[in-house]
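Here is the structure we will look at, set down as structure tokens.
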Amino acid sequence: MEPRMPEYDNPAIAAILDTTADLLEIAGADRFRFLSYHKAAHAVRAWPEDINTLATEERLTDIPGVGKKLAANIASILARGSFAEFDELTAELPPTLVALMQVPGVGPKKARTLYDRLGVTSVDDLEAALAEGKVAALQGFGDRTAANIAAGIISYRTFGARALLADALPLAEKVAAYLRALPSAVSAEPAGSVRRGKETVGDIDVLVASLDPSAIMEAARTLPIVTRVIASGETKTSVETTAGLQVDVRVVAPDEWGAALQYFTGSAEHNVRVREIAKGLGLKVTEYGVFRIDTGERCASDTEEAVYAALGMQTPPPELRENAGEIESATAGTLPKLITLADIRGDLHCHTTATDGKSTLEANKAKAAELGYEYLAITDHAWGLRMVGGLDLDDLERQWARIDELNAEGGPVLLKSIELNIDEKGEVDYPDEVLARFDICIASLHSGWGQPREVGTSRLLRAMENRFVDIIGHPTGRILRRREPIDLDMEAVCAKAAETGTALEIDAYPDRLDLSDVHLRMALRHGARISMGCDAHEASQMHFMRYGVSTARRGWVTPEVTLNAHPLPEMLALLKRNRTA
DNA sequence: GCCGTTTTCGGCCCGACTGTTTTCAGTCG
Ligand SMILES: Nc1nc2c(ncn2[C@H]2C[C@H](O)[C@@H](COP(=O)(O)OP(=O)(O)OP(=O)(O)O)O2)c(=O)[nH]1
Ligand SMILES: [Mg+2]
Ligand SMILES: [Mg+2]
Ligand SMILES: [Zn+2]
């Protein structure tokens, strides 16, 4: 049998384009040529249509930044795993050189010199060369550069993967609160990817407004959590911390707050686009303000709204600032009214002590009441997951009886629900007579992670054909930093969800956040509904909803399309099982 | 390499910090 070509998805294509860009840069290619590869990589990653569909329909150039050449190169990757320029580049340079550029302090020029002069092709090689004193001896390097690179290797090795938002956000808020409390500080807020609510973050960025910047910089260098000062100047300090995260602190004058917050919130791609647009209007945007190019006069700077208004734009919510369509919407004045935490009327996914949860029904109900919810779906595991105590019919009767008692007491309504297991054939637990008795059924994959695309896809499609499967739980099964998503034809999954009236879940558990932002946009494109649940295995985890909402907002999700942004009767009426034919 | 209510050619964001520089390149945000 022929060996199968690997199946590509948008992130896989984007990764190859990014590698190409890095190799081109190391090879000394024109700046705008390699930047075009990075730009296309970002656009492909953020594009809410499957790259295979686009290629088949010869619509790759629909993606902004993908022209004739890049479309041909992407098509070539899909067909044979590479393209001509990539083959030439990797014949000229070892592709492992891109890993050298991941070491803080090593960029394309130093990587090239290390390779040319010392034959260094890996981080291990680099470490050896440092130990032998060869790096410091290089033209243009020196002792300090060698020491910085050595420290960079340690960070590269120990910090590695991006942090979960749920781990970084509390720390970011703590650092901001600490700096805000300084007598010389006027205000301080987290910015960067933390403010944009990205599911993982590379570092923590904090903006401070102050008339005494040196006092802020001193405080940043001496934060209790600092393990190393990477750089510290008049307005910017970068430190490594005990949390294994880099913290970047930027300070500006109070009247520059809005421009600086716009800059430091990013994303970089959003900023570049905003600045290009400004230029076309005869304006210049920096972290200090919006300026007229002709007179140098400052037109805006104190608030973000003023900055965007000076460019004729609405202020896009931070979660949308990825240069993925929000600039066009903001310019046209058509930004969507995104879902907020306050719109959430209930949680549609939680576990109890009846299976693998650590809190009782009663404790979950109390938490739902505390959160001001109207309802809570009790979705313990079904019989198919016996190893975590999956419920049999007797267990269900007992749980339902207790739910009836609790509902009689008032407060948030507990919904008799279940998280069904989707088996190898796409079938779920229990006979139809039982499924019909639930208020809501979620169905989720819990096995088969390494399966080929068509297998996982057909399991989900089959499950969605079941008229009692109202929601597909954590559709891809990804676990951030631990498990790749199952390979799926997500276009087919979203289309089937829309066609059958099956909602797709955002599992708000911080290492899942599944569906992801980009897949949510794809789901909305197809007209699918969204369901939000924390997958709490302990009552306190029902607070994870805020992370689900961040991901939903990044996916352009509105309250209208979200099941649990509706009052109970409407929410129930939207379920597949209650649809009138 | 991409792109176009000023353009199919000539642009492509803007600034901070560091080290080795004798005037600024490299890296990063
Ligand atoms: N104008 C402009 N701004 C940039 C550039 N690079 C970074 N920024 C701004 C926007 C970023 O959100 C902000 C913080 O930079 P970071 O490198 O920390 O990126 P960000 O937080 O977006 O993502 P991260 O999760 O940290 O990788 O600085 C750039 O090249 N140009
Ligand atoms: Mg950041
Ligand atoms: Mg940063
Ligand atoms: Zn669950």
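Here the structure is a predicted model, which means the values were calculated and not measured. Each chain gets a letter, A, B and so on, in the order the sequences are listed, and its residues count up from 1.
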C1' atoms of B:dT5 and B:dG1, separation to the nearest Å
24 Å
Tell me: CG of A:Asn73 to C1' of B:dG1, nearest whole Å?
10 Å
Whole-Å gap separating C1' (B:dG26) and CG (A:Leu138):
15 Å
Using whole Å, report how far CD of A:Glu25 lies from P of B:dA25.
16 Å
Paired nucleotide for B:dG29 [Watson-Crick or G-U wobble; both distances under 3.5 Å]
B:dC14
Any base atoms under 4.0 Å from A:Gly266, or only sugar-phosphate, or nothing? Heavy atoms, all strands.
nothing
If I take atom CE in residue A:Met217 and atom P in nucleotide B:dC17, what distance separates them, rounded to the nearest angstrom?
8 Å
Within this structure, what is the CD1-to-P distance between A:Ile149 and B:dG19, rounded to whole angstrom?
12 Å
For B:dT6 and B:dC2, measure between their P atoms and round to the nearest Å.
23 Å
Taking N or O atoms only and anything under 3.5 Å, show me the protein contacts with nucleotides 14-16 of chain B, one pair per line.
{"unit_1": "B:dC14", "atom_1": "OP2", "unit_2": "A:Lys279", "atom_2": "NZ", "d": "3.0"}
{"unit_1": "B:dC14", "atom_1": "O4'", "unit_2": "A:Arg275", "atom_2": "NH1", "d": "3.0"}
{"unit_1": "B:dC14", "atom_1": "O2", "unit_2": "A:Arg275", "atom_2": "NH1", "d": "3.3"}
{"unit_1": "B:dG15", "atom_1": "OP1", "unit_2": "A:Lys284", "atom_2": "NZ", "d": "3.0"}
{"unit_1": "B:dA16", "atom_1": "OP1", "unit_2": "A:Tyr288", "atom_2": "OH", "d": "2.8"}
{"unit_1": "B:dA16", "atom_1": "O3'", "unit_2": "A:Thr235", "atom_2": "OG1", "d": "3.2"}

May I ask you to say what A:Val103 touches in the nucleic acid, namely base, sugar-phosphate or nothing, with a heavy-atom cut-off under 4.0 Å?
sugar-phosphate
Taking B:dG1, B:dT27, B:dG29 as options, the one with an atom nearest any side-chain atom of A:Phe264 is B:dG29
Remember a base hit wins even if backbone is also touched, and classify A:Val106 as base, sugar-phosphate or nothing at under 4.0 Å, heavy atoms.
sugar-phosphate
Round to a whole Å and report the spacing from CG of A:Leu114 to P of B:dT27.
10 Å
Report the residue (A:Gly140 or A:Leu70) whose heavy-atom-nearest nucleotide on DNA chain B is the more 5′ of the two.
A:Leu70
Supply the atom-to-atom distance A:Tyr8 OH to A:Ile16 CD1, rounded to the nearest 0.5 angstrom.
4.5 Å
So how far is it from A:Glu49 CD to A:Arg525 CZ, rounded to the nearest 0.5 Å?
4.0 Å
May I ask you to check whether A:Tyr37 and A:Phe34 place their ring centres under 6.0 Å from each other?
no
What distance do A:Lys109 atom NZ and A:Met101 atom CE have between them, rounded to the nearest 0.5 Å?
10.5 Å
Within the 4.0 Å heavy-atom criterion, would you say A:Asp248 contacts the bases, only the backbone, or no part of the nucleic acid?
sugar-phosphate
Do A:Gln262 and A:Tyr308 have side-chain atoms, one donor and one acceptor, less than 3.5 Å apart?
yes
A:Lys284 NZ to A:Lys279 NZ distance, which is reported to the nearest 0.5 Å:
10.0 Å
Less than 4.0 angstrom between a side-chain N/O of A:Asn148 and OP1 or OP2 of B:dG19, yes or no?
yes
Within the structure shown, what part of the strands sits under 4.0 Å from A:Ser238 by heavy-atom distance: base, sugar-phosphate, or nothing?
nothing
Rounded P spacing from B:dT20 to B:dC13 in Å:
30 Å
In short, A:Leu70 meets A:Gly65 closest at the heavy-atom pair CD1-O, 3.7 Å
Of the non-hydrogen atoms in A:Pro510 and A:Leu480, which two are nearest, and what is the gap between them?
O-CD1, 3.6 Å
Determine the interatomic distance between C1' on B:dT18 and the same-named atom on B:dT23; round to the nearest Å.
15 Å
Out of the candidates A:Asp116, A:Thr145, A:Leu118, only one should pair with A:Leu138 under the side chain to side chain contact (heavy atoms under 4.5 Å, CB included) rule; please name it.
A:Leu118
Send over the distance from A:Ile63 CD1 to B:dG1 C1', rounded to a whole Å.
15 Å
Look at all strands and tell whether A:Asp143 reaches a base, only sugar-phosphate, or nothing, counting heavy atoms closer than 4.0 Å.
sugar-phosphate
Grab the CD1-P distance between A:Ile230 and B:dG29 for me, whole Å please.
8 Å
Can you tell me if A:Gln246 touches the phosphate of B:dC28, counting only side-chain N or O atoms and a distance under 4.0 Å to OP1 or OP2?
no
A:Asp205 near the nucleic acid: base, sugar-phosphate alone, or nothing, with a heavy-atom cut-off under 4.0 Å?
sugar-phosphate
The nucleotide from B:dG26, B:dG1, B:dC28 with an atom nearest the side chain of A:Pro104 is B:dC28
On DNA chain B, more 5' by nearest nucleotide between A:Lys109 and A:Glu85 is A:Glu85
How far does the C1' atom of B:dT8 sit from the matching atom of B:dG4, given to the nearest Å?
8 Å
Which whole number of Å gives the distance between the P atom of B:dT21 and that of B:dA16?
25 Å
